> 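Mind looking over this structure? Questions follow.
This is a predicted model, so every value here is computed, not measured.
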Amino acid sequence: MNADAIIIGAGACGLMCAVQAGYLGKKVIVLEKNEKPGAKILISGGGRCNYTNQFASAEQFISANPHFIKSSFTQWTVDDTIGFFETYGIQGKEKTLGQLFPDDKNAKDVVQVFTSICEDLGQEIRCNADVKDIEILQNGFQVSYEKNGKKNVLTAEKLVVATGGLPIPKMGATDFALRFARKQNLKIVETAPALVPLTITGKDEEWFAQLSGNSVFCEVSNDEISFEENILFTHWGLSGPAILQISSFWRRGEVVNLNLLPHQNIVSLLDEERKTNGKTLLSTLLNRFYTKKFTDALGKFLPLSKPVASLTNVEIQLIEQTIHEFKVKPAGDKGYDKAEVMRGGIDTNEISSKTLECKKIPGLFFGGECLDVTGWLGGYNFQWAWASGFVIAQNI
């Protein structure tokens with residue numbers, strides 16, 4: 001045997017697993033298809049890396065089995081993540097909504113923490129290693145991979161698959177874990193892009209496109225959930241944090257509701273304005289809350305040039321609906337190229353929640369994004385990656 005375990009994938013989960021295994025005196029070899037480890041870590045948060053969220057709990061994850069990650073989050077907590085990075089010189093700074101970023105460092109420093117520890121502990125990371133085949137032996141696993149045109153073979157008693165999901169193929173993302181799982185007859189929960197911008201086509205396309213670059217603070221909701229953050233109009237539809245959040249819960253054909261003024265009541269504002277200055281034009285009132293460009297665009301639906309005192313009840317009702325219940329029916333999403341994560345994945349019923357070992361194949365572990373565990377935007381998916389890497393390390 002070449003090592004105690006072979007880890008496929010040097011992303012967040014694989015790197016944490018290698019480090020934690022090293023602390024326990026276990027020797028691992030990490031195989032990474034890209035030329036550098038941590039490709040997705042390096043681009044996360046615009047290179048700044050939102051490495052966890054202070055509020056992370058099972059509540060912010062989508063899975064066919066919402067209880068699955070509770071055990072991992074008990075074994076490796078947010079405080080553990082914060083403490084781990086602080087030990088290696090990365091102090092967290094909250095941006096918004098519990099999102100922690102390195103205070104005076106960035107994503108490169110986060111990856112550097114792992115590569116340095118791996119070096120110190122003698123854990124090997126082999127980059128440009130393209131895994132071609134996995135053979136399940138009687139007492140372990142044989143992994144064949146290609147590096148620089150040469151074929152290589154490794155054996156180990158334990159195998160960890162931490163190859164991530166389908167988003168951002170140009171960063172080397174593939175369906176490797178899903179193909180391997182299917183080959184072993186493991187169930188897969190249907191996958192789709194998540195935390196992804198939504199597209200608008202047809203008769204409304206032009207209206208959205210003209211607002212490209214405009215950002216509005218909104219409450220974005222569907223029948224299931226709501227999020228309050230900015231939305232961003234683009235030339236192909238909608239993006240921004242609130243849209244990315246709702247996209248994980250959106251299904252083709254469904255309508256998304258935008259409350260364009262979540263902390264105020266437009267009818268009350270109109271009433272107050274009528275009492276103090278009834279000559280105020282509706283456009284003037286709306287300009288207090290939106291850019292002129294956005295207000296002007298609302299002119300497609302609303303009588304902007306009318307003084308508030310002259311508005312009829314029907315018009316007030318229309319204003320209320322437009323501002324607080326603006327309905328959008330996206331045509332689709334921008335796909336895996338622009339998605340931050342994948343929804344769905346390997347069915348968690350196939351995996352032990354305590355150890356993350358495959359129930360049918362002893363010695364085989366899956367962690368991170370390839371499993372049917374999808375976090376909200378804001379550092380939650382990293383927390384799951386670190387936690388799953390830690391848990392696997394305890395059991396290999």
> Under 6.0 Å between ring centres, would you say that holds for Phe114 and Phe84?
yes
> Considering residues at least two apart in sequence or located in another chain, which fulfil the side chain to side chain donor-acceptor pair (under 3.5 Å) criterion with Glu32?
Asn34
> Tell me whether the rings of Phe249 and Phe227 are parallel (<30°), tilted (30 to 60°) or perpendicular (>60°).
tilted
> Keeping Ser63 on the side-chain end and Asp372 on the backbone end, is there a donor-acceptor pair under 3.5 Å?
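Confirmed, Ser63 side chain pairs with Asp372 backbone.
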> Test your reading of the model: is there a side-chain donor-acceptor pair from Asp204 to the backbone of Glu206, 3.5 Å cut-off?
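No; zero donor-acceptor contacts below 3.5 Å.
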> Do Phe61 and Phe68 have ring centroids that are under 6.0 Å from one another?
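No, they do not, as the ring centres are separated by 6.0 Å or more.
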> Side chains of His263 and Glu228 only: does a donor on one sit below 3.5 Å from an acceptor on the other?
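Yes, a side-chain donor-acceptor pair sits under 3.5 Å.
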> For residues Asn257 and Lys327, is any side-chain donor paired with an opposing acceptor at under 3.5 Å?
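Lys327 and Asn257 do have a side-chain donor-acceptor pair below 3.5 Å.
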> Are the aromatic rings of Phe233 and Phe294 close, with centres under 6.0 Å apart?
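When the ring centroids of Phe233 and Phe294 are compared, they turn out to be within the sub-6.0 Å range.
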> Which residue pairs satisfy the salt bridge (Lys or Arg N to Asp or Glu O under 4.0 Å) criterion with at least one member in residues 121-131, sequence neighbours excluded?
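For residues 121-131: Lys27-Glu124, Glu124-Arg126, Asp130-Lys132.
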> Under 3.5 Å, is there a donor on one side chain and an acceptor on the other for Asn277 and Thr280?
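Short answer, yes.
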> Nearest 0.5 Å please: distance from the CD1 atom of Ile69 over to the OG atom of Ser388.
9.5 Å
> Where the side chain of Gln383 meets the backbone of Thr77, is there a donor-acceptor pair that is under 3.5 Å apart?
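Answer holds: yes.
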> Relative to each other, are the rings of Phe180 and Phe176 parallel, tilted or perpendicular (30° and 60° limits)?
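Geometry flag for Phe176 against Phe180: parallel rings.
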> So does Lys292 pair up with Asp296, basic N to acidic O under 4.0 Å?
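Answer for the salt bridge query: yes.
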> Ignoring hydrogens and angles, state whether a donor on the side chain of Ser71 or Gln75 is under 3.5 Å from an acceptor on the partner side chain.
yes
> Identify the two heavy atoms, one from Pro37 and one from Thr115, that lie closest to each other, and give their separation to 0.1 Å.
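The answer is CG-CG2, 3.7 Å.
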> Would you name the heavy atoms of Phe217 and Asn230 that are closest together and state the gap between them?
CA-OD1, 3.3 Å
> Mind checking salt bridge (charged side-chain N to carboxylate O under 4.0 Å, His left out) for Lys26 and listing every partner two or more places apart, or none if nothing turns up?
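Once residues adjacent in sequence are excluded, Lys26 has no partner under the salt bridge (charged side-chain N to carboxylate O under 4.0 Å, His left out) criterion.
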> Answer yes if the side chains of Asp271 and Ser268 hold a donor-acceptor pair under 3.5 Å, and no otherwise.
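Judged by distance alone, the side chains do not pair up.
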> Would you confirm whether Asn313, through its side chain, and Ile316, through its main-chain N or O, come within 3.5 Å as a donor-acceptor pair?
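No: the side chain of Asn313 does not pair with the backbone of Ile316.
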> Examine the side chains of Gln112 and Ser116 and answer whether a donor and an acceptor come within less than 3.5 Å of each other.
yes
> So, Glu350 and Lys359, do they make that salt bridge, N to O below 4.0 Å?
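So Glu350 does not pair with Lys359 through a salt bridge.
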> Strictly by modelled atom types, are Gln142 and Thr155 linked by a side-chain donor-acceptor pair under 3.5 Å?
no
> Where the side chain of Glu94 meets the backbone of Gly98, is there a donor-acceptor pair that is under 3.5 Å apart?
yes
> Is the side chain of Gln60 donor-acceptor paired with the backbone N or O of Ser57 at a distance under 3.5 Å, no angle test?
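Flag set: sc Gln60 to bb Ser57 pair under 3.5 Å.
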> For Ala21 versus Ile396, what's the shortest heavy-atom pair and its separation?
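Smallest interatomic distance, heavy atoms only, reads CB-CD1, 3.9 Å.
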> Give a yes or no answer on whether the side chain of Glu315 reaches the backbone of Thr312 with a donor-acceptor pair at less than 3.5 Å.
yes
> Are Phe85 and Tyr51 an aromatic pair, judged by ring center distance below 6.0 Å?
yes
> In terms of relative ring orientation, are Phe73 and Trp384 parallel, tilted or perpendicular, with 30° and 60° separating the classes?
tilted
> Closer than 4.0 angstrom, basic N to acidic O: yes or no for Glu369 and Arg343?
no
